Amino acid sequence: MQAKAFFKTYFWDIVVVGSLAVLSSGFAIYLAIPKNSTDHTARITKDNALVQVVDLSLESETQERTFEVQGYKDVMTIGVMKNKIHVAKSSCPNQYCIFEGWISDSSKPIVCAYNHISITIGAADNSVIVV
């Protein structure tokens, strides 16, 4: 008899919490599913101006290539390999851009707020003029 009274009293609370649990679980599963993307062009921007475009599909699978990008305050070293890119060296105080590690899909950008640099991966755009 007590269980019946409990469910009668808290029925809508249980429905709301259960619905939120199902929705959040579905969203987490959706985010965990890897996106099969063939767009492996990295775009490096500084203050919303395109600095460099790198076609990651043309890079070596075994040897990392590095190059430097002038940030707002300091020079950053960017490392690239086949279909992935990362910040190898930066003099920013918190090093969040380095801790981000290698990225290889468009859902995870690298941002260095200290140097005003952002790195995103996406489709190649032939109409872009590199600064």
Side-chain angles (χ1 to χ4, degrees):
M1 189 74 167
Q2 290 178 346
K4 187 175 183 181
F6 175 81
F7 284 111
K8 186 175 182 180
T9 304
Y10 297 107
F11 175 75
W12 290 110
D13 295 335
I14 294 170
V15 168
V16 169
V17 170
S19 299
L20 288 175
V22 168
L23 285 173
S24 62
S25 298
F27 186 66
I29 290 170
Y30 170 75
L31 290 178
I33 295 172
K35 311 301 184 270
N36 201 4
S37 175
T38 58
D39 303 329
H40 292 290
T41 303
R43 301 165 63 88
I44 302 171
T45 59
K46 176 180 154 188
D47 292 326
N48 292 328
L50 188 63
V51 175
Q52 190 166 358
V53 177
V54 180
D55 189 355
L56 299 174
S57 62
L58 302 176
E59 298 295 329
S60 170
E61 289 186 29
T62 57
Q63 186 175 3
E64 177 182 359
R65 178 176 70 93
T66 60
F67 57 92
E68 293 184 345
V69 174
Q70 177 62 47
Y72 181 72
K73 296 188 178 188
D74 295 314
V75 176
M76 297 174 63
T77 304
I78 310 294
V80 293
M81 286 180 73
K82 183 148 182 97
N83 298 333
K84 58 186 178 178
I85 187 169
H86 77 118
V87 176
K89 183 180 175 189
S90 179
S91 60
C92 52
N94 293 324
Q95 305 283 307
Y96 293 136
C97 54
I98 294 174
F99 295 144
E100 189 66 34
W102 292 94
I103 64 167
S104 61
D105 63 0
S106 60
S107 65
K108 192 173 169 187
I110 297 176
V111 177
C112 183
Y114 182 78
N115 280 316
H116 301 199
I117 297 286
S118 66
I119 302 170
T120 56
I121 294 180
D125 186 3
N126 296 333
S127 65
V128 174
I129 299 172
V130 178
V131 177

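Keep in mind the model is a prediction, meaning the values are calculated, not measured.
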query: What pair of heavy atoms forms the shortest contact from W102 to G79, and how long is it?
result: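 Closest approach of W102 to G79, heavy atoms only: CZ3-O, 3.7 Å.
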Exercise. Above 12 or not: heavy atoms from other molecules or residues under 6.0 Å from CG of D13?
Worked result: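 Check passes, neighbour count above 12.
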Gap separating the [atom1] atom of [X] from the [atom2] atom of [Y], nearest 0.5 angstrom:
X	Y	atom1	atom2	value
S19	I14	OG	CD1	11.5 Å
Q70	K46	CD	NZ	5.5 Å
C112	K73	SG	NZ	10.0 Å
T41	I121	OG1	CD1	9.0 Å
M76	T66	CE	OG1	13.0 Å

Check the hydrophobic clustering (I, L, V, M, F, W, Y; side-chain heavy atoms under 4.5 Å; chains of links allowed) and say if [X] and [Y] are grouped together.
X	Y	answer
Y10	F7	yes
I117	Y96	no
I98	V75	no
L50	V111	no
V80	V51	yes

Would you indicate whether the side-chain heavy atoms of R65 and V54 approach each other to under 4.5 Å?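 Yes; the side chains approach each other to less than 4.5 Å.
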| query | Does a side-chain heavy-atom distance below 4.5 Å link I85 with I103? | reply |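 Yes - at least one pair of side-chain heavy atoms lies under 4.5 Å apart.
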Per the side-chain hydrogen bond (donor to acceptor under 3.5 Å, both in side chains) rule, which among D74, T77, N115 passes with S91?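 So the option named by the test is D74.
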Short side-chain to backbone donor-acceptor contact, [X] and [Y], under 3.5 Å:
X	Y	value
Q95	S90	yes
N83	S104	no
K82	S57	yes

For Q52 and V69: C-alpha separation, side-chain torsions, deciding distance, then whether side-chain contact (heavy atoms from CB on, under 4.5 Å) applies. CA-CA 9 Å; Q52 190 166 358; V69 174; 4.3 Å; yes
### Message
Under the criterion side-chain contact (heavy atoms from CB on, under 4.5 Å), I'd like the reasoning laid out for V87 against I78: C-alpha separation, chi angles, the key distance, then a yes or no.
### Response
CA-CA 5 Å; V87 176; I78 310 294; 4.0 Å; yes
Check your understanding: Should the ring pair H116 and Y72 be called parallel, tilted or perpendicular, given that the plane angle runs from 0 to 90° and is split at 30 and 60?
Key ->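 If you compare the ring of H116 with that of Y72, the planes turn out parallel.
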query = Looking at K84, E59, M81, which hits side chain to side chain contact (heavy atoms under 4.5 Å, CB included) with E64?
reply =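 Between E64 and the candidates, side chain to side chain contact (heavy atoms under 4.5 Å, CB included) is satisfied uniquely by M81.
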